[in-house]
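Scroll down for the structure; my scribbles are underneath it.
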Amino acid sequence: MRCSQDEDVREAVVNEPVQQRIVVGVKRSAGSVAALRWAAAEARLRHTTLHVVHAWEPAAGRASYAILGDSHASGQERLRAREQLAAIMRAAFGTGVPAGVTAEVAEGMAERILAHRSRDASLLVLGAAADAGVTGRPAGPVIRACMRSARCPLVIITAAVGAQPPVVSAPVAVS
């Protein structure tokens, strides 16, 4: 009888539904588009949600004495980051984003943002250049940092050789 009770407990634990979420970090590269497509397919297979994260850093740091708030330059940078994320999403999915996909533009270091987002994820997915690690070229700094500090399994997807990054058609300001 005791053995039967143990089996019931194990069955309850195994069948306990767990909310999963896949996080994919993207930038303007063919590797990111390949990673996004792979992560979307994996999310469909797992019947879970996909969270797309595009991190951007301001071009110039603010002085410690500067008044907090959006400057004109950071507003333009944020808009450019949103446009880049939209272009990456179009390159991966066309005009229709699949159900269960959310997207975020986050200001800050990609390494820190992705490590933080990985705490609530079941999987973190990143894209790399096709020859990263093969031709002696090391993985980029974001991948290396996530290999050290991600709080969930990490999958690195490479793009096909010769794959082109998405085209971002944002207006260019000339002064």
Side-chain angles (χ1 to χ4, degrees), residues 17-59 74 76-170 172:
V18 177
Q19 177 59 31
Q20 295 184 13
R21 179 173 78 144
I22 295 174
V23 173
V24 59
V26 298
K27 62 179 184 175
R28 190 178 167 267
S29 72
S32 285
V33 173
L36 180 51
R37 288 178 180 151
W38 186 90
E42 186 68 17
R44 277 192 305 273
L45 287 172
R46 293 182 183 211
H47 303 289
T48 189
T49 59
L50 175 64
H51 187 65
V52 182
V53 179
H54 176 63
W56 68 280
E57 290 184 66
S74 69
Q76 288 179 337
E77 290 173 338
R78 183 175 289 107
L79 179 60
R80 192 172 15 257
R82 286 185 183 134
E83 290 170 348
Q84 287 179 356
L85 176 58
I88 294 163
M89 298 285 279
R90 277 191 308 274
F93 304 126
T95 57
V97 176
V101 176
T102 58
E104 170 189 12
V105 174
E107 180 179 353
M109 292 180 62
E111 300 91 325
R112 290 182 182 163
I113 290 168
L114 293 170
H116 183 264
R117 299 303 184 274
S118 75
R119 292 187 320 181
D120 300 326
S122 57
L123 191 65
L124 175 61
V125 182
L126 300 174
D131 60 350
V134 176
T135 61
R137 181 177 155 198
V142 173
I143 290 175
R144 288 193 312 267
C146 288
M147 289 172 77
R148 286 188 306 272
S149 57
R151 300 292 181 230
C152 66
L154 171 64
V155 174
I156 301 167
I157 303 296
T158 58
V161 176
Q164 297 297 314
V167 174
V168 178
S169 56
V172 176

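Of all heavy-atom pairs between Ala121 and Val23, the closest is CB-CG2, 3.6 Å. Smallest separation of non-hydrogen atoms from Ala81 and His54: O-CD2, 3.3 Å. Summarising the geometry of Ile143 relative to Leu154, their closest heavy-atom pair is O-CD2, 4.4 Å, with the distance given to 0.1 Å. Gly108 and Ala55 get closest at one heavy-atom pair: O-CB, 3.9 Å.
Looking at residues two or more places apart in sequence or on another chain, you find no side chain to side chain donor-acceptor pair (under 3.5 Å) involving Ser149. Not counting sequence neighbours, the partners of Ala43 by the side chain to side chain contact (heavy atoms under 4.5 Å, CB included) test are Ile22, Thr48, Leu50. When the salt bridge (charged side-chain N to carboxylate O under 4.0 Å, His left out) test is applied to Arg117, the partners found at least two apart in sequence or on another chain are Glu104. Checked against side chain to side chain contact (heavy atoms under 4.5 Å, CB included), Ala150 has the following partners two or more places apart in sequence or in another chain: Ser118, Leu124. For Pro153, the side chain to side chain contact (heavy atoms under 4.5 Å, CB included) partners two or more places apart in sequence, or in a different chain, are Leu123. By the side chain to side chain donor-acceptor pair (under 3.5 Å) test, Arg148 is found to be paired with no residue, residues two or more places apart in sequence or in another chain being considered.
In this structure, the separation between CZ on Arg21 and OG on Ser122 is 9.0 Å, given to the nearest 0.5 Å. Interatomic distance, CD of Gln76 versus CD of Glu83, reported as 10.5 Å (0.5 Å rounding). Taking CD1 of Ile156 as the start and CH2 of Trp38 as the end, the distance is 11.5 Å to the nearest 0.5 Å. With rounding to the nearest 0.5 Å, the separation of CD in Glu77 from CD in Gln84 is 10.5 Å.
Counting only distance, with no hydrogens or angles, the side chain of Arg37 and the backbone of Ala92 share a donor-acceptor pair below 3.5 Å.
Contact check for Thr49 versus His51: no side-chain heavy atoms found under the 4.5 Å cut-off. With a 4.5 Å cut-off on side-chain heavy atoms, Leu36 and Phe93 count as touching. Between Val142 and Lys27 the shortest side-chain heavy-atom distance does not fall below 4.5 Å.
Residue pairs meeting the salt bridge (Lys or Arg N to Asp or Glu O under 4.0 Å) criterion with at least one member in residues 38-48, sequence neighbours excluded, are Glu42-Arg46.
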